[in-house]
Amino acid sequence: MIDAGKAKINVQNRLTPTFADFQKLLQNFFISGDVDKTIQELSENYEKDGKSKLLPGFEK
C-alpha cells in the first residue's frame, strides 16, 4: 500500500511517550542545526523503543 502511494507511515503513532521526545529533538535541531547529532539521537531512541516493545528486528 505504501509503495503504491495509498498509505503513509505515521511514525509518531507507533512510538511510546519516551520516544515522543521527537518534538524535543526537533527543537534542539532547530537551535543547534546539528543534523548528525539529531539523527543519531533519533536512531538511538527508536532502537530503544523497539527493544522495549520486543518488536521483531529489535533484538536485545
Side-chain angles (χ1 to χ4, degrees):
M1 295 295 286
I2 293 168
D3 291 339
K6 297 181 180 180
K8 295 181 181 179
I9 297 173
N10 186 338
V11 174
Q12 287 185 331
N13 284 343
R14 184 176 175 204
L15 308 172
T16 62
T18 57
F19 187 84
D21 285 345
F22 185 66
Q23 291 81 4
K24 179 182 174 184
L25 288 173
L26 283 180
Q27 182 179 22
N28 288 340
F29 166 68
F30 290 130
I31 292 169
S32 72
D34 191 339
V35 174
D36 293 330
K37 180 180 177 187
T38 303
I39 295 297
Q40 181 64 35
E41 290 177 5
L42 185 67
S43 180
E44 289 170 1
N45 288 352
Y46 187 73
E47 288 180 33
K48 182 179 176 182
D49 189 57
K51 287 177 183 179
S52 72
K53 290 180 177 178
L54 303 176
L55 296 174
F58 290 91
E59 289 78 24
K60 288 188 175 189

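For clarity, every value in this text was computed on a predicted model and none was experimentally measured.
- Ile39 and Phe30 fall within a single hydrophobic cluster, where Ile, Leu, Val, Met, Phe, Trp and Tyr are joined by side-chain heavy atoms under 4.5 Å apart, directly or via other members.
- Note that CG of Asn45 is 8.5 Å distant from CG of Asp49, once rounded to the nearest 0.5 Å.
- Shown here for Lys51 and Phe58, the closest heavy-atom pair between the two residues is CG-O, 3.4 Å.
- The OG atom of Ser52 sits 12.0 Å away from atom CD of Glu47, with the distance rounded to the nearest 0.5 Å.
- Every residue two or more places apart in sequence or in another chain that forms a side chain to side chain donor-acceptor pair (under 3.5 Å) with Gln40 is listed here: Glu44.
- Linking ILVMFWY residues whenever their side-chain heavy atoms come closer than 4.5 Å, directly or via other members, places Val35 and Leu25 in the same cluster.
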